[in-house]
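The structure under discussion appears below in the form of structure tokens.
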Amino acid sequence: MTTTPTPAADALRGAGLRVTAARVAILDTVRAGHHLDVETITGGVRDRVGHVSTQAVYEALHALTAAGLVRRIEPAGSPARFEGRVGDNHHHLVCRRCGAVEDVDCAVGHAPCLDPSDAAGFLVDEADVTYWGLCPACRADTAHSPSKGAGGTAP
Ligand SMILES: [Zn+2]
Ligand SMILES: [Zn+2]
Ligand SMILES: [Zn+2]
């Protein structure tokens with residue numbers, strides 16, 4: 001990414017949200033992180049501004065998501081995660097084993113997956129694509145561990 005994001009306080013103001021120390025800390029934490037869950041975000045916010053309740057973090061994340069400043073993703077079977085990369089309809093690779101998440105670019109300037117072969121009259125504004133598989137670390141790990149089956153008897 002070559003663009004410098006708008007400073008958190010300005011971004012909040014621009015979105016019509018009240019600027020509070022906690023909200024600035026939440027947006028900074030989400031932007032600095034990599035698809036963080038609420039627990040991790042809460043920890044990061046406490047490091048920055050001291051005590052803040054988990055409930056307050058939830059409410060602020062909801063407001064930030066509604067304002068389009070953060071994006072919420074929720075891969076099946078995983079808690080919701082938040083990221084500061086918004087507005088580009090990018091997709092995600094998710095590891096089935098450890099839950100690692102990586103970004104995958106959609107086409108810049110045009111998102112081909114937003115044009116389904118048949119939209120059935122819907123006005124499509126988002127394509128939520130998740131690629132499931134094993135991350136490199138888990139692939140290496142499973143390659144080294146003994147494979148089960150192969151004539152063994154279940155305990
Ligand atoms: Zn993994
Ligand atoms: Zn992402
Ligand atoms: Zn796409």
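Here, residue 1 is the first one in the sequence, and each next residue gets the next number. Note that ligands are numbered from 1 as they come in the structure, with each ligand's atoms numbered from 1 the same way.
For Asp103, the N/O/S atom at the shortest distance from the Zn ion (ligand 2) is named OD1. Restricting Glu83 to its N, O or S atoms, the one at the least distance from the Zn ion (ligand 2) is OE1.
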Take Asn89 and Cys113, measure what side chain to side chain contact (heavy atoms under 4.5 Å, CB included) needs, and give me the verdict at the end.
-> CA-CA 9 Å; Asn89 198 68; Cys113 55; 3.6 Å; yes
Might you work through the side chain to side chain contact (heavy atoms under 4.5 Å, CB included) test for Leu27 and Val70, ending with a clear yes or no?
-> CA-CA 8 Å; Leu27 187 50; Val70 304; 3.6 Å; yes
Taking only distance into account, with no hydrogens and no angle test, what donor-acceptor pairs under 3.5 Å do side-chain atoms of residues 94-104 form with protein atoms, sequence neighbours excluded?
unit_1, atom_1, unit_2, atom_2, d
Arg97, NH1, Asp141, OD2, 3.2
Arg97, NH2, Asp141, OD2, 2.7
Asp103, OD1, His35, NE2, 2.7
Asp103, OD1, His90, NE2, 3.0
Asp103, OD1, His92, NE2, 3.2
Asp103, OD2, Arg85, NH1, 3.4

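Both Leu17 and Val57 belong to a single network of hydrophobic side chains, linked directly or stepwise wherever heavy atoms of I, L, V, M, F, W or Y lie under 4.5 Å apart. A continuous path of ILVMFWY side-chain contacts below 4.5 Å connects Val19 to Val52, so both sit in one hydrophobic cluster.
Sorted by first and then second residue, the salt bridge (charged side-chain N to carboxylate O under 4.0 Å, His left out) pairs with a member in residues 4-31 read Asp10-Arg13; sequence neighbours excluded.
Enclosure of atom NE2 in His62 is not indicated, since only 12 or fewer non-hydrogen atoms of other residues, nucleotides or ligands lie within 6.0 angstrom.
With salt bridges taken as basic N to acidic carboxylate O contacts below 4.0 Å, none links Arg81 and Glu83.
Sorted by chain and number, the protein atoms of type N, O or S within less than 2.8 Å of the Zn ion (ligand 3) are His91 NE2, Cys106 SG, Cys113 SG.
For the pair Val30 and Leu64, the minimum side-chain heavy-atom distance is 4.5 Å or more.
Note on the Zn ion (ligand 1): protein N, O or S atoms under 2.8 Å away count 4, no waters included.
Looking at every heavy atom in both residues, Ala21 comes nearest to Val49 through O-CG1, 3.9 Å.
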